[in-house]
**Q** 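The following block contains the structure, expressed as structure tokens.
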Protein chains: 2
Amino acid sequence: MSVTDPTPVRVLLADDEHLIRGALAALLGLEDDLVVVAEAATGPEALAMARAHQPDVAVLDLQMPGADGVTVATVLRDELPGCRTMIVTGHGRPGHLKRALSAGVRGFVPKTVSAQRLAEIIRTVHAGNRYVDPELASDAIAAGDSPLTAREAEVLELSADGAPVTEIARRASLSPGTVRNYLSSAAAKLGAENRHTAVRLAQAKGWV
Amino acid sequence: MSVTDPTPVRVLLADDEHLIRGALAALLGLEDDLVVVAEAATGPEALAMARAHQPDVAVLDLQMPGADGVTVATVLRDELPGCRTMIVTGHGRPGHLKRALSAGVRGFVPKTVSAQRLAEIIRTVHAGNRYVDPELASDAIAAGDSPLTAREAEVLELSADGAPVTEIARRASLSPGTVRNYLSSAAAKLGAENRHTAVRLAQAKGWV
DNA sequence: CTGACGCCATGACATTTGTCAGAAGCGGTG
DNA sequence: CACCGCTTCTGACAAATGTCATGGCGTCAG
């Protein structure tokens with residue numbers, strides 16, 4: 001039904017790299033049933049473009065200046081329920097997939113797919129179905145759920161830049177002792193020797 | 001002279017993201033004077049392809065599995081002196097530019113340029129000229145040279161994953177005390193409170 | 001050759017961090 | 001309601017880390 005559809009799928013492309021975005025727009029434009037109606041280089045720009053052009057499908061890069069793809073998808077789900085969202089990403093961490101799915105994202109693919117394949121997936125998503133890259137999905141399953149409590153994850157994230165405990169405590173409005181306890185238990189749960197390696201592990205799993 | 005040249009510029013494309021590589025190949029193929037003779041997804045693959053196809057210009061992504069773009073460029077300079085090399089990168093850190101230039105790279109551009117612009121730069125590079133993105137260049141100048149001595153940088157790099165001092169000492173075959181001295185002086189030079197923030201700073205500047 | 005500088009190390013000290021025990025409040029769930 | 005887990009805190013101790021002074025050894029410029 002799709003390739004001969006008289007009303008083509010209207011696509012929004014958001015990626016901060018002009019090179020990729022332009023090339024992608026050109027390639028997707030070759031498909032008769034797809035039309036790129038808007039492009040954006042940042043999260044806020046993507047939102048503005050979506051509001052202005054009301055696309056059928058928004059193809060969002062995960063890492064963009066301003067607001068990342070999942071954040072944009074969350075807003076779009078509320079503002080434009082008719083717009084399906086999908087995420088493309090370079091290096092997909094397991095946790096991102098979970099975040100994306102709970103933001104109502106219907107497609108999650110790595111940038112290692114071909115443009116042809118991406119076009120098919122856009123059609124799949126537009127038809128109301130979901131598509132998740134099998135490799136990313138299995139990574140996410142293997143990584144499992146975060147063993148961290150909400151505060152543990154929060155404090156761990158605040159310590160990501162290597163700041164001393166007193167600074168983290170200030171940022172989190174907690175006692176330094178509490179911060180140390182959280183960091184200690186978080187590191188123990190992750191099997192890390194100290195909070196710094198714990199941060200790396202949690203980031204690799206996408207839990208922060 | 002270029003657009004009507006009867007012998008087009010033979011280009012090698014190396015990027016680990018199929019989506020980008022394919023799209024780029026398609027767009028560059030539209031230029032009459034450019035022909036993409038080979039594609040590669042990893043560093044070693046790029047080398048093998050270059051040896052097999054002897055391209056005029058190698059367009060290399062900075063971050064690839066196996067060997068990064070600068071490493072590939074270094075090898076190519078020795079093995080295929082007739083092949084010009086250029087680097088495209090997503091997030092270019094200042095230090096990378098310096099490394100690239102000393103590896104004989106003649107072009108250094110971010111992925112935020114358009115394909116049209118990239119084609120022009122490929123021609124520039126092929127003609128024997130250099131091209132460096134102005135913004136990346138000014139960043140590199142602003143970042144300046146690394147204030148770290150060779151060992152300071154080495155030890156700092158070994159501590160990048162958050163390992164404890166004893167482990168770093170083992171890896172570097174140094175005394176733990178020496179490691180602490182180096183880390184301390186490195187952090188002082190970088191204006192960091194501890195080695196972890198020092199590592200982040202040095203990485204941001206591209207000094208590690 | 002002498003002085004400057006980087007490299008490597010040791011030892012001592014203060015500070016920071018990690019670990020543990022304990023305790024209070026709070027929100028669920030059986 | 002009793003129980004459990006999460007949150008928050010305190011205090012105390014051990015371990016890791018940061019800081020400083022000091023010394024020997026090599027190399028290189030003046």
Side-chain angles (χ1 to χ4, degrees), chain A residues 95 98-99 102 143-208, chain B residues 95 98-99 102 143-208:
Chain A
K98 192 160 306 210
R99 265 182 68 221
S102 61
D145 274 3
S146 171
L148 305 176
T149 68
R151 284 299 176 284
E152 281 165 357
E154 182 188 335
V155 172
L156 198 59
E157 189 163 12
L158 289 175
S159 77
D161 64 349
V165 170
T166 54
E167 171 65 15
I168 302 165
R170 207 185 48 72
R171 289 188 207 162
S173 301
L174 287 178
S175 142
T178 306
V179 169
R180 288 197 286 164
N181 287 340
Y182 281 152
L183 289 176
S184 182
S185 70
K189 284 178 180 176
L190 298 177
E193 294 187 343
N194 56 45
R195 60 206 166 101
H196 305 289
T197 63
V199 165
R200 310 225 159 223
L201 278 173
Q203 281 176 339
K205 300 266 194 177
W207 290 336
V208 292
Chain B
K98 193 159 306 206
R99 266 182 68 220
S102 62
D145 275 1
S146 170
L148 305 176
T149 68
R151 285 300 176 282
E152 282 166 357
E154 182 189 333
V155 172
L156 199 59
E157 189 162 11
L158 288 175
S159 77
D161 64 349
V165 169
T166 56
E167 171 65 14
I168 302 166
R170 208 185 49 71
R171 288 187 207 163
S173 301
L174 287 176
S175 143
T178 306
V179 169
R180 288 197 288 167
N181 286 341
Y182 281 151
L183 290 176
S184 182
S185 69
K189 284 178 180 176
L190 298 177
E193 295 187 342
N194 57 44
R195 60 204 165 100
H196 305 288
T197 62
V199 165
R200 310 228 159 222
L201 278 173
Q203 282 176 339
K205 299 266 192 175
W207 290 335
V208 293

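All chains are named by letter (A, B, ...) in the order of the sequence lines, taking the proteins before the strands, and each is independently numbered beginning at 1.
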**Q** I want to verify a distance call: between D:dT19, D:dT7, C:dT19, whose nearest atom is closest to the A:Ser184 side chain?
**A**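 For the A:Ser184 side chain, the nearest candidate turns out to be C:dT19.
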**Q** Provide, to the nearest angstrom, the distance between the CG atom belonging to B:Leu183 and the P atom belonging to C:dA9.
**A**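 Nearest whole value for this atom pair: 14 Å.
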**Q** Measure from the side chain of A:Arg195, starting at C-beta and using heavy atoms only, and say which of C:dA9, C:dT17, D:dC9 lies closest.
**A**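 Nearest listed nucleotide: C:dT17.
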**Q** With no hydrogens and no angle check, is any side-chain donor or acceptor of A:Asn181 less than 3.5 Å from a backbone partner on A:Ser184?
**A**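 No, the answer is negative, given that no donor and acceptor are paired below the 3.5 Å cut-off.
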**Q** So, is A:Arg151 close to the D:dC6 phosphate, meaning a side-chain N or O under 4.0 Å from OP1 or OP2?
**A**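 Answer is no, no contact under 4.0 Å.
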**Q** So B:Ala188, base contact, sugar-phosphate only, or nothing? Heavy-atom distance under 4.0 Å.
**A**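 Since no nucleic acid heavy atom lies under 4.0 Å of B:Ala188, the category is nothing.
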**Q** Within the pair B:Thr149 and C:dG6, is there a side-chain N or O less than 4.0 Å away from OP1 or OP2?
**A**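 No, outside the criterion.
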**Q** For B:Lys189 and D:dT19, what is the distance between atoms NZ and C1' respectively, to the nearest whole Å?
**A**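 Rounded to the whole Å, the gap is 16 Å.
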**Q** Would you say the base of C:dC20 and the side-chain of A:Asn181 have a donor-acceptor pair closer than 3.5 Å?
**A**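 Under the 3.5 Å cut-off, the side chain and the base do form a donor-acceptor pair.
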**Q** Using heavy-atom distances to pick each residue's nearest nucleotide on DNA chain C, tell me which of B:Leu174 and B:Asn194 is more 5'.
**A**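 Of the two residues, B:Leu174 wins.
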**Q** When the distance from CG of B:Leu148 to P of C:dG6 is rounded to whole Å, what number comes out?
**A**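 About 12 Å, once rounded to whole Å.
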**Q** Which one, C:dA9, D:dT7, D:dC9, comes nearest to the side chain of B:Ser175?
**A**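 So the nucleotide nearest the side chain must be C:dA9.
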**Q** What is the distance, to the nearest angstrom, from the OH atom on A:Tyr182 to the P atom on C:dT17?
**A**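 One finds 18 Å between P of C:dT17 and OH of A:Tyr182, rounded.
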**Q** Roughly how far, to the nearest 0.5 Å, is NE2 of B:His196 from OG of A:Ser159?
**A**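 If we round to the nearest 0.5 Å, A:Ser159:OG and B:His196:NE2 are 10.0 Å apart.
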**Q** I'd like to know if A:Lys205 and A:Asp145 make a salt bridge, using a cut-off of under 4.0 Å between side-chain N and carboxylate O.
**A**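 Judged by the 4.0 Å cut-off on N to carboxylate O distance, A:Lys205 and A:Asp145 do not form a salt bridge.
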**Q** Rounded to whole angstroms, how far apart are CZ on A:Arg170 and P on C:dT16?
**A**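 Distance, rounded to whole Å: 15 Å.
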**Q** Are the side chain of B:Gln203 and the backbone N or O of B:Arg200 linked by a donor-acceptor pair below 3.5 Å?
**A**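 No.
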**Q** Taking NE2 from A:His196 and C1' from D:dG18, how many angstroms apart are they, rounded to a whole number?
**A**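 Taking NE2 of A:His196 and C1' of D:dG18, I get 12 Å after rounding.
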**Q** Side chain of B:Arg171, backbone of B:Leu158: donor and acceptor closer than 3.5 Å?
**A**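 Such a contact is found between B:Arg171 side chain and B:Leu158 backbone.
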**Q** If you only use heavy atoms from C-beta on, which nucleotide in C:dA9, C:dG18, D:dT7 is closest to the side chain of A:Arg180?
**A**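 Nearest listed nucleotide: C:dG18.
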